[in-house]
K.L.:
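Take a look at the following structure, please.
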Amino acid sequence: MLTIYNTANHRKEVFKPVHEGEVRFYGCGPTIYNYAHIGNMRAFVFYDLLNRYLRYKGYKVTFCMNLTDIDDKTIRDSQKAGKKLREFTDFYGEEFMKDCATLHIQKPDIVPRATEEIPAMITLIQNLLDKGFAYKTEKGDVYFKIDQDPNYGQMAGIDAKNLRVNADGRLAQDEYEKENAQDFALWKGWVKEDGDNYWETPWGKGRPGWHIECSAMSKKYLGQPFDIHTGGVDLIFPHHTNEIAQSECAYGTKFVNYWMHNEHITVNGQKMSKSLGNCFTVNDLLKKGYSAEAIRYEFIKAHYRQKMDFQESALAGNQSVVDKFGNFMIRLKNEVNGEGWNDLPEALDVVQAGFEKGMDDDLNTSVALSELFDFMTKVNKNFDKLSLENAKNIQKVMEKFDSVLAIFPSLKQQSLTPEQERLIKTRQAARLAKDWGTADALKKELLDQGIEVKDTPTGPVWRII
RNA sequence: GGUCGGUUGGCAGAAUGGCUUAUGCAGAGGACUGCAAAUCCUUUUAUACUGGUUCGAUUCCGGUACCGACCUCCA
């Protein structure tokens, strides 16, 4: 039974989907104006883990994640780059998808782009205007009137009356054409800095505000209410707070049943920032020689709601773990020749139950992983007993776990040329003759061809590395 | 100023009113081994401090210290 920590209620709840056997979930995607850094990627690995585990559980999942391709930053930086907005965001959108693929993040079922969903946003805004939850200004902006919404800020624990206006001093003075400083923009009227980035609407030309896109797209693709909405903790307020306000006021029904938020990471003990130069991208880390699996494992090994410090030094240790999984899987393929291990069925039951118990508890990957380690130790202890059928069953269950975790290194095609087979036989003959010089020379020769040979009591085994 | 979270060994990180405070990494020692690799075994004063409740608290309640998040850019 899957339980989920629901930010809306601040407690774990048993998950019950709107439609039996189906899950519809929405994750706030990136703004594609630059390369994604590892802090962004933690969120997307978290979404992916959820997506994969829901499928593991047998749900028919519809996962929708947006790409924000219109906002202040995309407009500003595309102009700086001397490019059309679309060309500019296409590039970073593709880079983002590449990073996701590298980290074994499965593509969401639906990946809408804000600029292609303007009609849905116009409908939603018009609805709010008609119902008196929004108002236009002379500049052509449309704002949401938060004092019309008695539930505003509930999830974030924010009382609208006590909002500290301009807490960080970040609001520009000229933004105060609103009736109330806390009202937020649904639509921004065209200004000349926007260039040709505008759309025509019944209330004038302009572009969408930040929050409206997620409300409009999730309604369009998932309906309302839908099951799960994910995002980083920073989005609880204002972004998700405003999404709730817009959607619930517009349609008079609940917006989302379960809100899940991942915590942020720091890097080597410090908050990520451009000035510190610690906004690593996936590519930066790959260039340093860390594997994609080691990077993904860094995100998987800790709970998604736990703040974590991303330490580069940890990646080497992660590689050991990933290799441990790899060794385990390849030995099952190459080294099994026993009579059969009678306790395997029980061990399989234990590990399966343990894995699911951990994952069912709000995606507690630490517990799930510890069950896998215990299981592997048990199997390794009895390795010489394993039959081919035993090995198949173990591989099957491990691959099932990895369909969720996606941290096992991919196995290379394991096959030898006749010449390589001959070399291994020659080497073994040399070993039996205690001709260590020849044996070691042949071992090196094979290794240069990417073949690692190990000697076991029952003879040599090899693998392509 | 308001709201919320955290503090577990060398590091990462679970869990729990008692029975082993998991698991992994790193280090040390050992087994196996021609060497290597893999694997197995053993191992290091870990629950911030403090008061309370309790037969018993790392866990529940209070206080203190420190760290952090959010309060209209943000994964």
Side-chain angles (χ1 to χ4, degrees), chain A residues 7 10 27-31 36-47 71-73 146 153 156-160 162-168 170-171 175 178 181-185 209-211 230-239 241-242 261-266 269 271-273 297-298 301-309 311 313-321 323-324 326-328 330-331 335 354 358 361 364-374 376-377 379-384 431 434-437 439-440 443-444 447 452-457 461 463 465:
Chain A
T7 308
H10 305 278
C28 281
T31 302
H37 55 66
I38 52 166
N40 301 124
M41 296 320 285
R42 180 194 197 178
F44 304 123
V45 169
F46 154 60
Y47 300 178
D71 77 328
D72 293 351
K73 287 172 297 191
I146 70 165
I158 277 167
D159 181 350
N162 293 335
L163 271 180
R164 186 169 178 166
V165 175
N166 201 8
D168 270 2
R170 294 192 228 130
L171 290 182
E175 279 202 44
K178 316 174 191 180
Q182 287 102 38
D183 289 349
F184 60 90
W210 173 34
H211 314 295
T230 61
V233 283
D234 53 292
L235 298 182
I236 296 170
F237 187 88
H239 185 52
T241 297
N242 292 350
H261 292 97
N262 61 281
E263 257 297 347
H264 281 187
I265 68 172
T266 52
K271 199 168 174 169
M272 280 187 297
S273 80
Y297 182 72
E298 182 65 15
K301 74 183 184 184
H303 191 256
Y304 73 91
R305 279 188 292 113
Q306 163 114 352
K307 289 186 184 79
M308 77 167 217
D309 189 36
Q311 293 172 342
S313 60
L315 292 174
N318 291 354
Q319 191 60 52
S320 303
V321 178
D323 289 343
K324 193 188 178 91
N327 287 329
F328 185 77
I330 202 152
R331 285 184 75 207
E335 298 177 29
D361 182 16
N364 192 332
T365 43
S366 306
V367 166
L369 283 164
S370 78
E371 296 289 340
L372 260 66
F373 291 124
D374 286 344
M376 287 198 293
T377 300
V379 171
N380 282 329
K381 273 187 206 177
N382 294 283
F383 205 89
D384 53 353
R431 283 187 72 238
K434 297 201 190 296
D435 178 1
W436 310 128
D440 288 349
K443 178 155 73 175
K444 178 147 192 318
L447 191 62
E452 183 189 75
V453 182
K454 303 195 291 180
D455 299 308
T456 72
V461 296
R463 65 189 222 190
I465 52 172

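Sequence lines set the chain letters: A, B, ... in the order given, protein chains first and strands last, and positions in each chain run from 1.
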K.L.:
The side chain of A/Asp234 lies closest to which of these nucleotides: B/A75, B/U72, B/G24?
P.N.:
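That would be B/A75.
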K.L.:
Looking at every heavy atom in both A/Glu298 and A/Gln311, which two are closest together, and how far apart are they?
P.N.:
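In terms of heavy atoms, the two residues are closest at OE2-N, 4.2 Å.
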K.L.:
Taking atom P in both B/G9 and B/U58, compute the distance separating them and give it to the nearest angstrom.
P.N.:
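Here B/G9 and B/U58 have their P atoms 15 Å from each other.
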K.L.:
Could you give the CG-to-C1' distance, from A/Asn327 to B/C40, as a whole number of Å?
P.N.:
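After rounding, the gap between these two atoms is 14 Å.
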K.L.:
With nearest nucleotide decided by heavy atoms, which residue, A/Ala316 or A/Lys443, maps closer to the 5′ end of RNA chain B?
P.N.:
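Upstream on the strand: A/Ala316.
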K.L.:
Compare side-chain N and O positions of A/Thr377 against OP1 and OP2 of B/U39 and report whether any pair is under 4.0 Å apart.
P.N.:
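Indeed not, no polar side-chain atom of A/Thr377 lies that close.
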K.L.:
What is the minimum heavy-atom distance between A/Lys324 and A/Phe373, and which atoms define it?
P.N.:
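Nearest pair, atom of A/Lys324 first, then A/Phe373: CE-CD2, 3.9 Å.
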K.L.:
Rounded to the Å, how far apart are A/Asn262 CG and B/A69 P?
P.N.:
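To the nearest whole Å, that distance equals 15 Å.
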K.L.:
Testing the basics here: between A/Pro238 and A/His211, what is the closest heavy-atom pair and its distance to 0.1 Å?
P.N.:
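Heavy-atom minimum between the residues: CG-CE1, 4.1 Å.
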K.L.:
Out of B/G24, B/A36, B/C70, which has the shortest distance to the side chain of A/Lys271?
P.N.:
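So the nucleotide nearest the side chain must be B/C70.
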K.L.:
Rounded to whole Å, please give me the gap between CD1 in A/Ile236 and C1' in B/U72.
P.N.:
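Atom CD1 in A/Ile236 sits about 15 Å away from atom C1' in B/U72.
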K.L.:
Under 4.0 Å between any heavy atoms, over every strand shown, what does A/Val367 touch: base, sugar-phosphate, or nothing? Just pick one.
P.N.:
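Since only primed, P, OP1 and OP2 atoms lie under 4.0 Å of A/Val367, the category is sugar-phosphate.
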K.L.:
Without decimals, in angstroms, what is the distance between A/Asp323 CG and B/A26 C1'?
P.N.:
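Whole-Å distance recorded here is 15 Å.
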K.L.:
Look at the side chain of A/Asn318 and the base of B/G24, then say whether one donor and one acceptor between them are separated by less than 3.5 Å.
P.N.:
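Under the 3.5 Å cut-off, the side chain and the base do not form any donor-acceptor pair.
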K.L.:
With the side chain of A/Asn364 defined as its heavy atoms from C-beta on, choose the nearest nucleotide among B/U39, B/A75, B/A15.
P.N.:
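Nucleotide nearest to A/Asn364's side chain: B/A15.
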K.L.:
Just N and O in the side chain of A/Asn380: are any of them under 4.0 Å from OP1 or OP2 of B/U39?
P.N.:
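So the side-chain polar atoms of A/Asn380 never come under 4.0 Å of the phosphate oxygens OP1 or OP2 of B/U39.
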K.L.:
Quote, to the nearest angstrom, the C1' distance that separates B/U21 from B/U7.
P.N.:
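Comparing C1' positions in B/U21 and B/U7 gives a spacing of 16 Å.
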K.L.:
Stem finding on RNA chain B, please: runs of three or more consecutive Watson-Crick or G-U wobble pairs, both distances under 3.5 Å, sorted by first number.
P.N.:
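Stem segments, range with range: B:1-7 with B:65-71, B:10-12 with B:23-25, B:27-31 with B:39-43, B:48-52 with B:60-64.
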K.L.:
Using a cut-off of 4.0 Å on non-hydrogen atoms, how would the nucleic acid contact of A/Gly231 be classed: base, sugar-phosphate, or nothing?
P.N.:
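If one applies the 4.0 Å heavy-atom cut-off, A/Gly231 turns out to touch the sugar-phosphate alone, with no base involved.
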K.L.:
Nearest nucleotide by nearest heavy atom, which residue falls closer to the 5' end of RNA chain B, A/Lys324 or A/Gly232?
P.N.:
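Result: A/Lys324.
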K.L.:
Ignoring hydrogens and geometry, is there a side-chain-to-backbone donor-acceptor pair from A/Asn364 to A/Val367 under 3.5 Å?
P.N.:
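Indeed, once roles are kept as given, a pair shorter than 3.5 Å links the two residues.
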K.L.:
Measuring only the C1' atom in each nucleotide, how far is B/C67 from B/U8? A whole number of Å is fine.
P.N.:
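Nearest-Å result for B/C67 against B/U8 at atom C1': 15 Å.
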K.L.:
Measure from the side chain of A/Lys454, starting at C-beta and using heavy atoms only, and say which of B/A36, B/A75, B/C25 lies closest.
P.N.:
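Looking only at heavy atoms from C-beta outward on A/Lys454, the closest nucleotide is B/A36.
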K.L.:
Is it the case that the side chain of A/Tyr47 and the backbone of A/Cys28 share a donor-acceptor pair, with hydrogens and angles ignored and the cut-off at 3.5 Å?
P.N.:
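Checking the backbone N and O of A/Cys28 against the side chain of A/Tyr47, a donor-acceptor pair under 3.5 Å is found.
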K.L.:
Minimum heavy-atom separation for A/Val453 and A/Lys443, please, with both atom names.
P.N.:
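Shortest heavy-atom contact: O-CD, 4.1 Å.
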K.L.:
Considering only atom P, compute the distance from B/U23 to B/C41 and round it to an integer number of Å.
P.N.:
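Comparing P positions in B/U23 and B/C41 gives a spacing of 10 Å.
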K.L.:
Quickly work out the A/Asp440 CG to B/U33 P distance and round it to whole Å.
P.N.:
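That distance rounds to 17 Å.
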K.L.:
Between CZ of A/Arg305 and OG1 of A/Thr7, what distance do you get to the nearest 0.5 Å?
P.N.:
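Separation between the atoms: 8.0 Å.
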K.L.:
Within the 4.5 Å heavy-atom criterion, are A/Lys307 and A/Val233 side-chain neighbours or not?
P.N.:
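A side-chain contact under 4.5 Å is absent here.
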K.L.:
Distance between the C1' atoms of B/G52 and B/U59, in whole angstroms?
P.N.:
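After rounding to an integer number of Å, I get 15 Å for this pair.
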K.L.:
Can you check the distance between B/A57 and B/U47, where both ends of the measurement are the C1' atom (answer in whole Å)?
P.N.:
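My reading of the C1' atoms in B/A57 and B/U47 gives 11 Å.
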K.L.:
Search all heavy atoms of A/Ile265 against all heavy atoms of A/Arg42 and return the closest pair with its distance.
P.N.:
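Shortest heavy-atom separation between A/Ile265 and A/Arg42 comes out as CG2-CD, 3.5 Å.
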K.L.:
Rounded to whole angstroms, how far apart are NE2 on A/His10 and P on B/U3?
P.N.:
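In whole Å, B/U3 P lies 13 Å from A/His10 NE2.
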K.L.:
Using a 4.0 Å heavy-atom cut-off, write out nucleotides 6-13 of chain B from 5' to 3' as B (base contacted by protein), S (sugar-phosphate only) or - (no contact).
P.N.:
------SS
K.L.:
Using the C1' atom on both, measure B/A37 against B/C49 and round to a whole Å.
P.N.:
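Rounded to whole Å, the distance is 48 Å.
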K.L.:
Roughly how far apart, to the nearest Å, are B/C66 and B/G29 at atom C1'?
P.N.:
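Nearest-Å result for B/C66 against B/G29 at atom C1': 38 Å.
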K.L.:
Expressed in angstrom and rounded to an integer, what is the separation of A/Phe373 atom CZ from B/C40 atom C1'?
P.N.:
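It is 16 Å, rounded to the nearest whole Å.
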K.L.:
By nearest atom, which of the nucleotides B/U23, B/A14, B/A75 is closest to the A/Leu235 side chain?
P.N.:
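Minimum distance to the A/Leu235 side chain belongs to B/A75.
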K.L.:
For A/Glu452 and A/Leu447, work out which heavy atoms get closest and say how close.
P.N.:
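Closest heavy-atom pair between A/Glu452 and A/Leu447: CA-CD1, 4.2 Å.
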K.L.:
A/Asp183: which residues meet the salt bridge (charged side-chain N to carboxylate O under 4.0 Å, His left out) condition with it, sequence neighbours left out?
P.N.:
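Partners of A/Asp183 under the salt bridge (charged side-chain N to carboxylate O under 4.0 Å, His left out) test: none.
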K.L.:
Could you check whether any side-chain N or O of A/Asp374 sits under 3.5 Å from a backbone N or O of A/Glu371, counting only pairs where one atom can act as donor and the other as acceptor?
P.N.:
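No; judged by distance alone, with no hydrogens or angles, the pair does not exist.
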K.L.:
Within the 4.0 Å heavy-atom criterion, would you say A/Arg331 contacts the bases, only the backbone, or no part of the nucleic acid?
P.N.:
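The residue A/Arg331 makes sugar-phosphate contact but no base contact.
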K.L.:
What is the distance from CD1 of A/Ile158 to C1' of B/C4, rounded to the nearest Å?
P.N.:
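Result: 10 Å.
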K.L.:
From B/G24, B/C41, B/U72, pick the nucleotide closest to the side chain of A/Val321?
P.N.:
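Looking only at side-chain atoms, A/Val321 lies closest to B/G24.
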K.L.:
Nearest to the side chain of A/Pro238, heavy atoms from C-beta on, is which of B/A75, B/A15, B/U72?
P.N.:
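For the A/Pro238 side chain, the nearest candidate turns out to be B/U72.
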